[in-house]
A.B. asks: 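Mind having a look at this structure? Questions to follow.
As a basis for the values below, the full set of heavy atoms in this structure was taken, side chains included, without hydrogen atoms, waters or symmetry mates. Everything numeric here is computed off the predicted structure, so don't read it as measured data.
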2 protein chains.
Amino acid sequence: MKQSSLCPKFEKGMQLLGKRWTGLILYQLLSGPQRFCALEGALPVSGRLLSERLKDLEKEGLVHRQVFTDSAPVRVEYSLTEMGKALEPVIKGIESWAQSWIELDAADMADHSVE
Amino acid sequence: MKQSSLCPKFEKGMQLLGKRWTGLILYQLLSGPQRFCALEGALPVSGRLLSERLKDLEKEGLVHRQVFTDSAPVRVEYSLTEMGKALEPVIKGIESWAQSWIELDAADMADHSVE
DNA sequence: ATACTTACTAACAAAAAGTAACTACGTTAC
DNA sequence: GTAACGTAGTTACTTTTTGTTAGTAAGTAT
């Protein structure tokens, strides 16, 4: 293992956001608490990975998981904690950066059609 | 492949930043143009991946690659383009978020010592 | 009883990352 | 002159992470 001269907090934060899907999941949750299947439907991520990422995010304190047993079938709602909400300006920043600078090529367009 | 309802530009941007090391490489380059070996030394990333990421970032237009043949051994300097520099507030935002919210556990500390 | 829903988990194949050794090319040391 | 060194990578191989598909448990609707 190599040593780095970076601030370990920053490095850990980047490692978190630098995992596939994490950013998009947080972005989805910015619009309010959502259920597992809603996230699964909104993002091109499989249930397995979504479950894994949500578990990570819960463990790190960015996301809160609440189970509703009253209604059936059981609902599970995910929402942002204070820590998660604190990332809003960053995520919005990425969004507006992408709007200004990213251009799409044929491959990207293809990714957005159904197979 | 699944379809997503997200803005494809945002999704592409997130996919870019959501790759391992991309964020840290850009962070390093914020402090000025740097050579390959400087980046390799500053980050806990191997030459193989660093080379791969820099190639990606160059292709996407975030990073500029300049070869100096005058001096020997040949130097190669990487620097941020306008597009790359435009990410500065985002990266700084992640940095200050991490400072405020991330806490380190034993595992993270271990990652920062030499093996 | 059977099919359906939600929220997962298990098993396996494919892709990406990690590691170590190697190349090319000119430079300097002996 | 040749052996070792430094830079900027690349190749070959292993391990880890993702992606895909199918299956589970608990309750509901028909």
A.B. asks: Any base atoms under 4.0 Å from A:Y78, or only sugar-phosphate, or nothing? Heavy atoms, all strands.
C.D. replies: sugar-phosphate

A.B. asks: Please round to the nearest 0.5 Å and tell me the distance separating atom OG1 of A:T22 and atom CG of A:L17.
C.D. replies: 7.0 Å

A.B. asks: For B:E77 and B:R65: C-alpha separation, side-chain torsions, deciding distance, then whether salt bridge (charged side-chain N to carboxylate O under 4.0 Å, His left out) applies.
C.D. replies: CA-CA 6 Å; B:E77 256 186 24; B:R65 178 175 188 270; over 6 Å; no

A.B. asks: Atom CG of A:L54 to atom C1' of C:dC8: distance rounded to whole Å?
C.D. replies: 11 Å

A.B. asks: Starting at CD of B:Q15 and ending at C1' of C:dA16, how long is that distance when rounded to a whole Å?
C.D. replies: 13 Å

A.B. asks: To the nearest angstrom, how far is A:R75 atom CZ from D:dG27 atom P?
C.D. replies: 16 Å

A.B. asks: Out of A:L50, A:L62, A:D56, which residue meets the side chain to side chain contact (heavy atoms under 4.5 Å, CB included) rule with A:I25?
C.D. replies: A:L50

A.B. asks: Report yes if a side-chain nitrogen or oxygen of B:S51 is closer than 4.0 Å to either non-bridging phosphate oxygen (OP1 or OP2) of D:dT10; otherwise report no.
C.D. replies: yes

A.B. asks: Answer yes or no: is there an ion pair linking A:K12 with A:E60, defined by an N-O contact shorter than 4.0 Å?
C.D. replies: yes

A.B. asks: Has B:K55 got a side-chain N or O lying under 4.0 Å from the OP1 or OP2 atom of D:dT10?
C.D. replies: yes

A.B. asks: In whole angstroms, how far is the P atom of D:dA8 from the CG atom of B:L50?
C.D. replies: 10 Å

A.B. asks: Rounded to whole angstrom units, what separation is found between the CZ atom of B:F36 and the P atom of C:dC25?
C.D. replies: 18 Å

A.B. asks: Is B:K9 paired with B:E11 through a side-chain N to carboxylate O contact shorter than 4.0 Å?
C.D. replies: no

A.B. asks: Taking the nucleotide of DNA chain C with the closest heavy atom to each, which residue, A:E77 or B:G47, is nearer the 5' end?
C.D. replies: A:E77

A.B. asks: For C:dG18, does OP1 or OP2 lie under 4.0 Å from any side-chain N or O of B:W21?
C.D. replies: yes

A.B. asks: Could you list the protein-to-nucleotides 14-17 of chain D atom pairs, N/O on both sides, closer than 3.5 Å?
C.D. replies:
none

A.B. asks: Take atom CG of B:L49 and atom P of D:dG9, then tell me their distance rounded to the nearest Å.
C.D. replies: 14 Å

A.B. asks: Using whole Å, what does the distance between atom P of nucleotide D:dG9 and atom CZ of B:R35 come to?
C.D. replies: 12 Å

A.B. asks: Got a second to check how far A:W21's CH2 is from A:Q28's CD, nearest 0.5 Å?
C.D. replies: 11.5 Å

A.B. asks: Calculate the interatomic distance between B:L43 atom CG and D:dA8 atom C1'; express it in whole Å.
C.D. replies: 16 Å

A.B. asks: Rounded at 0.5 Å granularity, tell me how far CH2 in B:W101 sits from CG in A:L87.
C.D. replies: 9.5 Å

